[in-house]
Amino acid sequence: MTDYVYPARMGRILRLGAEEVLGSEGMRAVQALSSSETPSTDADPDLDKPFPFKEVTRLQESLEQVYGPLGGRGTALRIGRACFQYGLREYGSMLGVTGMTFRLLPYSTKIHIGAKSLAELFNQQTDQRVRVEESGEKVFWHIERCPLCWERQATKPVCHLAVGLLQEALYWLSGGKLFNIEESACIARGDPTCTMVIDRLPLA
């Protein structure tokens with residue numbers, strides 16, 4: 001089977017986000033359980049070393065084992081939000097969402113552009129495959145090849161880290177507004193895609 005990967009710089013972003021949320025002790029506990037080979041943050045990342053999808057899945061599974069299903073879900077959401085901030089520093093110029101012209105657009109337009117740009121980043125820079133669909137007041141973020149539940153089986157959607165990433169992306173893009181995001185389908189439970197349903201209108 002093909003070993004799909006993230007580039008090492010995205011692996012480092014994931015590690016930084018996890019360490020910010022878990023702390024050094026929590027990170028060691030999760031790594032010990034998952035036998036993760038996540039690259040260290042103490043040195044510059046080796047951009048030629050791939051970061052396998054299976055390592056991303058192991059991290060999220062380990063969170064659920066250490067903190068329980070509900071605690072693991074909440075922790076994964078927080079890590080996803082932290083990862084967006086680190087990713088913005090790394091890829092912001094490539095996404096085209098940090099300039100003043102973009103920041104002055106209506107938030108509905110920024111959500112449309114931001115979702116497309118983020119999907120394009122994953123499609124071009126990683127083996128993850130994302131397709132964005134829009135219908136009425138909903139935006140559908142379809143992950144067609146997902147690193148978060150790679151080769152995993154579950155009875156409920158488990159890609160909480162992706163939900164957290166999108167939550168923080170929309171919070172940032174809209175200038176501080178909160179949006180409802182739910183994972184309605186997950187490959188881990190036999191669905192064809194991992195689908196995040198995003199309400200285009202913010203919560204009151």
Side-chain angles (χ1 to χ4, degrees), residues 1-22 24 26-67 69 72-73 75-91 94-95 118-131 141-154 156-166 169 183 185-196:
M1 180 175 290
T2 302
D3 290 329
Y4 294 114
V5 299
Y6 273 163
R9 63 198 296 196
M10 282 197 179
R12 185 169 186 267
I13 287 169
L14 179 59
R15 170 64 179 263
L16 288 167
E19 286 187 339
E20 178 177 311
V21 173
L22 301 175
S24 57
M27 190 65 183
R28 278 195 289 271
V30 168
Q31 283 185 303
L33 187 60
S34 65
S35 299
S36 174
E37 299 176 359
T38 310
S40 171
T41 60
D42 296 331
D44 291 335
D46 179 0
L47 299 182
D48 294 325
K49 183 179 180 180
F51 188 78
F53 279 13
K54 62 184 178 181
E55 292 296 326
V56 185
T57 298
R58 284 177 185 173
L59 172 62
Q60 189 155 272
E61 284 183 300
S62 298
L63 292 174
E64 295 169 19
Q65 293 178 50
V66 171
Y67 299 104
R73 177 182 183 276
T75 304
L77 289 172
R78 292 169 58 201
I79 292 173
R81 291 195 287 266
C83 285
F84 174 78
Q85 293 297 333
Y86 287 109
L88 189 64
R89 298 171 198 172
E90 187 76 25
Y91 292 103
M94 188 180 299
L95 287 169
L118 189 58
E120 186 175 326
L121 174 70
F122 280 114
N123 290 335
Q124 292 182 350
Q125 299 293 316
T126 80
D127 287 334
Q128 181 174 327
R129 291 296 173 262
V130 180
R131 175 173 54 86
W141 176 272
H142 301 290
I143 307 178
E144 299 177 332
R145 184 188 294 153
C146 183
L148 299 171
C149 62
W150 186 247
E151 297 182 344
R152 183 177 179 184
Q153 293 183 342
K156 297 180 180 179
V158 295
C159 303
H160 312 306
L161 198 149
V163 174
L165 178 77
L166 292 173
E183 185 178 7
C186 186
I187 295 171
R189 69 174 190 183
D191 297 318
T193 65
C194 298
T195 297
M196 318 300 158

Do you know the tightest heavy-atom contact between Gly72 and Tyr67?
N-CB, 3.7 Å
Atom pair CZ (Phe122) and SG (Cys146), whose distance is rounded to the nearest 0.5 Å:
10.0 Å
Phe51 CZ to Ile13 CD1 distance, which is reported to the nearest 0.5 Å
11.0 Å
Rounded to the nearest 0.5 Å, how far apart are OG of Ser24 and CD of Glu19?
8.0 Å
Ignoring hydrogens and angles, tell me if any N or O in the side chain of Arg9 forms a donor-acceptor pair with the backbone of Tyr6 under 3.5 Å.
no
What orientation do Phe53 and Tyr4 show, parallel under 30°, tilted 30 to 60°, or perpendicular over 60°?
tilted
Is Asp191 reaching over with its side chain to a backbone N or O of Cys186, donor-acceptor style, under 3.5 angstrom?
yes
Rounded distance (nearest 0.5 Å) linking atom CG of Leu59 with atom CG of Leu22:
7.5 Å
Any chance you could lay out the side chain to side chain contact (heavy atoms under 4.5 Å, CB included) test for Arg15 and Met27, step after step, and finish with the verdict?
CA-CA 9 Å; Arg15 170 64 179 263; Met27 190 65 183; 3.1 Å; yes
Please name the pair of heavy atoms, one in Leu165 and one in Cys83, separated by the smallest distance, quoted to 0.1 Å.
CD1-C, 4.2 Å
May I ask you to decide whether Arg73 forms a salt bridge with Glu64, counting only side-chain N to carboxylate O separations under 4.0 Å?
no
Counterpart residues, side-chain contact (heavy atoms from CB on, under 4.5 Å), relative to Arg89 (two or more places apart):
Tyr86
Judged by atom type as modelled, is there a donor-acceptor pair below 3.5 Å linking the side chain of Arg145 to the main-chain atoms of Asp127?
yes
Any side-chain heavy atom of Gln125 within less than 4.5 Å of one from Met94?
yes
Not counting sequence neighbours, which residues clear side chain to side chain donor-acceptor pair (under 3.5 Å) with Asn123? List them please.
none
Assess whether side chain to side chain contact (heavy atoms under 4.5 Å, CB included) is satisfied between Leu166 and Leu118, documenting all intermediate values.
CA-CA 10 Å; Leu166 292 173; Leu118 189 58; 4.1 Å; yes
With a 3.5 Å distance limit and no angle check, can you tell me whether Glu144 reaches the backbone of Thr193 through a side-chain donor-acceptor pair?
no
Derivation of the side chain to side chain contact (heavy atoms under 4.5 Å, CB included) call for Val21 and Thr75
CA-CA 7 Å; Val21 173; Thr75 304; 4.0 Å; yes
Considering all heavy atoms, the nearest Pro7-Thr126 contact
CD-CG2, 3.7 Å
Under 3.5 Å: donor-acceptor pair, side chain of Gln60, backbone of Leu161:
yes
Working note: Glu151 + Lys54, criterion salt bridge (charged side-chain N to carboxylate O under 4.0 Å, His left out); need CA distance, chi angles, decisive distance, verdict.
CA-CA 8 Å; Glu151 297 182 344; Lys54 62 184 178 181; over 6 Å; no
What residues, two or more places apart in sequence or in another chain, satisfy side-chain contact (heavy atoms from CB on, under 4.5 Å) together with Glu61?
Thr57, Gln65, Arg152
Nearest 0.5 Å, please: how far is CZ in Arg189 from SG in Cys149?
11.0 Å
Would you sort out whether His142 and Val130 count as a side chain to side chain contact (heavy atoms under 4.5 Å, CB included), showing the intermediate values?
CA-CA 6 Å; His142 301 290; Val130 180; over 6 Å; no
So how far is it from Ile143 CD1 to Cys194 SG, rounded to the nearest 0.5 Å?
5.5 Å
Minimum heavy-atom distance Arg81-Gly164, with the two atoms named
CG-O, 3.1 Å
